[in-house]
Amino acid sequence: MSKDSNKNQDKEACCPMKKTSIGGQALMEGIMMRGPQTTAMAVRNPQGEIVLEKFPTSSGKRPWPWRVPVIRGIFNFVDTMVFGYKCLMRSAEISGLEEAEAELEKEKAEKKAAKAAAKAAKRGIEEAEQPAPEPAPAAPEAEAETVDEPAPAAEDAPSDAAEEKKKEGTSGLMIGITVISIILAFAIMVGLFIILPTFLFETAAKHISWLDADNRYAKSIFTGIVKIILLVGYMAAISLMKDIRRTFQFHGAEHKTIFCYEAGLPLTVENIRGMKRFHPRCGTSFLILMVLVSILVGFFIPPVIVTGSTALNTLVYSGIRLALVPLICGLGYELIKFCGRHDNWLTRVIAAPGLALQHITVFEPDDDMIECAIAAMNEVIPQDGSDNW
């Protein structure tokens, strides 16, 4: 490809011919693209083949809450999280990740069984080396008499009904584990991003003279900075993991493919390779925007000095923050949509923090990853142009 061609592509990527509502998500060894009518996921199986699955995005017209500004952001966020989780689990199944984990668990169980058998054998040898105990004196003949009892019947093989009951129990256990995992994940999120920052401020305000505990602006900015540090630190840490890094590469393939489509270029590996990888409508941008919006919302929350107790102040203020999460989520969603539809100095300022964070969550993909993105994208582009913004 010539240098002039590369320059033209970069220019088209920066100034797209159209804006699309199509979005996507990086999966395990694949990509999911979600269009207005069809959703498709393309995942490579252990043999390296692309497995394509598609299904309707929605059925019929959505109820009014999905169309009301701010409120729609809450419903869309929950729907995206739930649907994205299902696609992620399905991609893990197709890519063979679950089989690999099952094989690893099997190997661990076999090693554990072998170790237990070795211990049992060693214990048996030690018992054999000990002298046999002297036989106990025979009991009187009258006491030795016993009533003959029928031998216990052999246990029957488990019936089909028992097997089905066992399967139902296992299924119920897995559902219970999933629910507990979600609850724990939510608790950790609340603890790290709401309770911990508030507790740190309350503690710091008692030991730092210039930090006023009654200043709502100082409190909101302080807790917001702590949240940003935790978010960036977490993203940077998981990006060092091999599997996560590959997922972040698929993330890059998703962005580049959407940019190529918006530039009006044919969806080919060569064209997509020259596109930008940072997109203003990225979910990473949404996360950082939520933190920034939470700082602004915090300016309107009283410092809630109930007593001299740091713990009590932390819990009360954290409870208010938690209750405002839906509002923050809805405002963040509207900002993301605004940045996706417009390109001016204001949207560039709003999108800047998210684009900066994408440097650690969106990596350059290889050609195989781009091929997955193309396969998924081709299935969701509507013929009637209903994806236009």
Side-chain angles (χ1 to χ4, degrees), residues 69-71 73-74 77 184-239 278 280 282-339 344-361:
V70 180
I71 296 177
I74 303 169
F77 177 72
L184 287 176
F186 180 76
I188 292 172
M189 181 194 72
V190 172
L192 282 178
F193 292 97
I194 296 181
I195 297 177
L196 178 60
T198 305
F199 178 78
L200 291 177
F201 175 82
E202 293 288 345
T203 304
K206 287 187 173 182
H207 298 87
I208 301 175
S209 59
W210 53 266
L211 193 59
D212 186 3
D214 294 330
N215 191 322
R216 67 181 71 184
Y217 304 105
K219 190 169 191 175
S220 185
I221 292 173
F222 181 96
T223 55
I225 291 174
V226 172
K227 291 175 188 176
I228 292 173
I229 293 173
L230 290 173
L231 178 62
V232 174
Y234 171 76
M235 291 295 185
I238 64 173
S239 68
F278 307 127
C282 175
T284 303
S285 296
F286 177 72
L287 291 177
I288 197 71
L289 270 178
M290 282 187 64
V291 175
L292 296 176
V293 170
S294 73
I295 295 176
L296 297 177
V297 171
F299 291 163
F300 300 94
I301 304 175
V304 195
I305 303 299
V306 181
T307 65
S309 172
T310 300
L312 184 56
N313 288 339
T314 298
L315 290 177
V316 173
Y317 190 81
S318 298
I320 296 174
R321 281 284 193 177
L322 186 60
L324 290 172
V325 167
L327 173 63
I328 294 169
C329 178
L331 292 173
Y333 177 81
E334 295 303 323
L335 287 175
I336 282 288
K337 287 183 71 69
F338 181 72
C339 290
N344 51 52
W345 69 269
L346 179 59
T347 59
R348 285 193 287 270
V349 169
I350 295 173
L355 295 176
L357 185 59
Q358 288 180 42
H359 282 81
I360 56 176
T361 62

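In this chain, numbering begins with 1 at the start of the sequence shown. The structure displayed is predicted, hence computed values, not measured ones.
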In short, salt bridge (charged side-chain N to carboxylate O under 4.0 Å, His left out) pairs touching residues 347-358 with sequence neighbours left out are D343-R348
Straight-line distance of [X] [atom1] to [Y] [atom2], nearest 0.5 Å:
X: L327; Y: L331; atom1: CG; atom2: CG; answer: 4.5 Å
X: I194; Y: L315; atom1: CD1; atom2: CG; answer: 12.0 Å
X: Y317; Y: E202; atom1: OH; atom2: CD; answer: 9.0 Å
X: F193; Y: L322; atom1: CZ; atom2: CG; answer: 14.0 Å
X: T314; Y: I195; atom1: OG1; atom2: CD1; answer: 8.5 Å
X: S285; Y: I350; atom1: OG; atom2: CD1; answer: 11.5 Å

Considering non-hydrogen atoms only, spot the tightest contact between [X] and [Y] and give its length.
X: P69; Y: E334; value: CA-OE2, 3.5 Å
X: A218; Y: L211; value: CB-CD1, 4.5 Å
X: C329; Y: G73; value: SG-O, 3.9 Å
X: K227; Y: P197; value: CG-CG, 4.0 Å
X: V232; Y: I360; value: O-CD1, 3.8 Å
X: P326; Y: I74; value: O-CG1, 3.3 Å

Sidechain-backbone polar pair: [X] side chain, [Y] backbone, donor-acceptor under 3.5 Å:
X: T203; Y: L200; result: no
X: R321; Y: S294; result: yes
X: S220; Y: I295; result: yes

Residues forming a side-chain contact (heavy atoms from CB on, under 4.5 Å) with I238, sequence neighbours excluded: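 So I238 forms a side-chain contact (heavy atoms from CB on, under 4.5 Å) with Y234, M235, M241, I244, F248.
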I'd like to know whether I221 forms a side chain to side chain contact (heavy atoms under 4.5 Å, CB included) with I225, so could you lay out the CA-CA distance, the side-chain angles of the two residues, the decisive distance to 0.1 Å, and finally the verdict. CA-CA 6 Å; I221 292 173; I225 291 174; 3.9 Å; yes
With Y217, the ring-ring contact (aromatic ring centres under 6.0 Å, His included) member among F299, F222, F201: F299
Return yes when atom CZ of F199 has more than 12 non-hydrogen atoms of other residues, nucleotides or ligands closer than 6.0 Å, and no otherwise.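 No, CZ of F199 has 12 or fewer neighbouring heavy atoms, counting only those of other groups under 6.0 Å.
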Distance flag, aromatic centroids of F77 and F286, threshold under 6.0 Å: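 Yes, ring centres under 6.0 Å apart.
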Find out whether L292 and L296 are in side-chain contact, i.e. whether some heavy atom of one side chain is under 4.5 Å from a heavy atom of the other.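 When only atoms from C-beta onward are counted, L296 and L292 do not touch, as no gap falls below 4.5 Å.
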